[in-house]
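The next block holds one structure in the form of structure tokens; read it before the comments.
Bear in mind the structure is a predicted one, so any value in this text is a computation, not a measurement.
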Amino acid sequence: MTSDGMEVFFDKNGNPPPLYDILNWQLTPNNTLENLKVGSLDFSAPKGQDLIVNENIIKWNGGDTQIPRSTCSESCRPGYRKAVHPGKAICCFDCIQCSTGEISNQTDATECMKCPDDHWSNEKQDECIPKTIEFLSYEEPMGATIAVISISCAAISLTVLCIFIKYQDTPIVKANNRELSYLLLLALMLSFLCSLIFIGKPRAVTCMLRQTAFGIIFALCVSCVLAKTIMVVIAFNATKPNSNLKKWVGPKVSNTMAMICTIIQVIICIAWLSSSPPFPEQNMKSQIGVIIIECNEGSTTAFWCVLGYMGLLAIISFIVAFLARNLPDSFNEAKFITFSMLVFVSVWLAFIPAYLSTKGKFMVAVEIFAILASSAGLLACIFIPKCYIILLRPHMNTRGYLLGKHTS
């Protein structure tokens, strides 16, 4: 023991306990190296005080004061997976973000896990979240707007029907089979309302009703227009001397014609529902992170047969009305029918590419738009001019005026 209280001892070899200085080579501003004492190791000091290091003054390579990590690569956080470098140590790897629809929820994951079909990965790729459910509903602005337009157009059709019933004995209403006009107005009102079936979550019943109700009602509309057009031609030619067409003039012929054309569409729809009816399905592949609840048409061939038959009736009506457009004034309804069929055919020709190029609720909205636009075209072109004369130009609603026996 020394005079200052320090204990001195020797090991078995007669050596005193060592005392080491810990030096740190540091680069000075003059680009020279110098040794800086940053600590010491004293084997004679009490345990816990033998090693003293001042970490604040240590400088590592590059002048960094932070302790360098003794790893080749940093750990991969959740949402990423490790991709080991071929031929290198196992601690050397790249962190690759999981693919869309896959996640990793732990550090240094070697593989990403695929989310279930009804779930999707979040933005960080570390959690599976439920996919968004999509269908055209009444709660969203587009669905509510379409519903309001449909009901409003149906109300207009009902108003026109009431006007025609009230003025049923006037010449302009009687001019071209008023019973067929009533039937056409009723069919137009139903066609506006049938668009409401397309709104809301698809179910087995609504999927079967959508296309069949639309196809039958529209076939009835176009059949009525076709019957009215043919009756215009028959009525004109029946006025010629010695004509054999007089026996075909009357409501029974036109009504029978409209019913037969509609029954053919009914048979097509019954065959469709019997063989391969539409059904609801969850489409998980069309849009990323979205489950589209839609109606599968069942038989695509049957769907296009329904549209094709309706288009055939419309084209025949257009051709007949176009050829009869120059008949005398008393039979000038052919001009209005020509315009209505032109609008009808144009809308449905534009519908085909638009329908095939859209998905989800927008595909449904395109079909509803085609239904409303074509129905409104028939209503506006055929009946609005007559309502204008009935309500605002009553002096034109006379037999003499319709027959052209009026003075300018």
Side-chain angles (χ1 to χ4, degrees), residues 117-120 122-123 129-160 187-218 221 278-298 300 303-304 306-307 310-311 340 343-381 384:
D117 289 339
D118 57 346
H119 284 67
W120 201 247
N122 61 354
E123 292 184 0
I129 56 177
K131 290 182 177 180
T132 304
I133 304 296
E134 180 182 285
F135 58 88
L136 186 60
S137 66
Y138 288 100
E139 286 74 20
E140 60 182 297
M142 182 167 61
T145 302
I146 291 175
V148 171
I149 294 174
S150 302
I151 296 173
S152 300
C153 291
I156 294 173
S157 301
L158 180 61
T159 303
V160 174
L188 285 174
M189 184 172 62
L190 293 176
S191 69
F192 286 123
L193 293 177
C194 82
S195 61
L196 298 177
I197 307 176
F198 289 79
I199 307 174
K201 186 176 181 179
R203 304 183 185 278
V205 175
T206 56
C207 283
M208 288 190 290
L209 283 177
R210 279 184 180 184
Q211 305 299 350
T212 53
F214 148 70
I216 293 172
I217 292 171
F218 256 74
C221 290
F279 59 91
E281 69 171 359
Q282 295 185 349
N283 185 344
M284 303 182 185
K285 299 181 180 179
S286 294
Q287 296 184 27
I288 296 177
V290 177
I291 299 178
I292 301 174
I293 302 180
E294 60 185 8
C295 288
N296 186 310
E297 306 304 344
T300 306
F303 171 69
W304 290 108
V306 169
L307 290 183
M310 188 176 67
S340 66
V343 172
F344 188 92
V345 173
S346 300
V347 167
W348 287 101
L349 286 179
F351 160 79
I352 295 174
Y355 184 80
L356 296 176
S357 61
T358 52
K359 298 177 181 178
K361 62 182 180 182
F362 298 103
M363 182 171 67
V364 177
V366 166
E367 185 169 1
I368 295 176
F369 172 79
I371 293 173
L372 296 178
S374 54
S375 300
L378 292 176
L379 180 64
C381 293
I384 298 302

Any donor-acceptor pair under 3.5 Å from [X] side chain to [Y] backbone:
X: Ser195; Y: Ser191; answer: no
X: Thr206; Y: Pro202; answer: no
X: Ser375; Y: Leu372; answer: no

If you compare all heavy atoms of [X] against all heavy atoms of [Y], which two are closest, and at what distance to 0.1 Å?
X: Asp117; Y: Met284; answer: O-SD, 3.3 Å
X: Ser374; Y: Ala370; answer: OG-O, 2.6 Å
X: Glu367; Y: Phe351; answer: CA-CE1, 3.6 Å
X: Leu379; Y: Phe192; answer: CD2-CE1, 4.2 Å
X: Cys194; Y: Ile217; answer: CB-CD1, 4.1 Å
X: Ser137; Y: Ile199; answer: C-CG2, 3.8 Å

| message | Consider side-chain contact (heavy atoms from CB on, under 4.5 Å). Of Leu136, Ile133, Asn283, which one does Ile293 pass it with? | response |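 Result: among Leu136, Ile133, Asn283, Ile133 is the only option passing the side-chain contact (heavy atoms from CB on, under 4.5 Å) with Ile293.
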More than 12 heavy atoms of other residues, nucleotides or ligands under 6.0 Å from [atom1] of [X]: yes or no?
X: Phe362; atom1: CZ; result: no
X: Phe303; atom1: CZ; result: yes
X: Ile288; atom1: CD1; result: no

| Working for side chain to side chain contact (heavy atoms under 4.5 Å, CB included), residues Trp304 and Ile352 | CA-CA 10 Å; Trp304 290 108; Ile352 295 174; 4.1 Å; yes
| Just wondering, do Arg210 and Pro278 contact through their side chains at under 4.5 Å, heavy atoms? |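 The answer is no; the side chains never approach within 4.5 Å.
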| field | Test salt bridge (Lys or Arg N to Asp or Glu O under 4.0 Å) applied to Lys131 - qualifying residues, sequence neighbours left out | value |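 Partners of Lys131 under the salt bridge (Lys or Arg N to Asp or Glu O under 4.0 Å) test: none.
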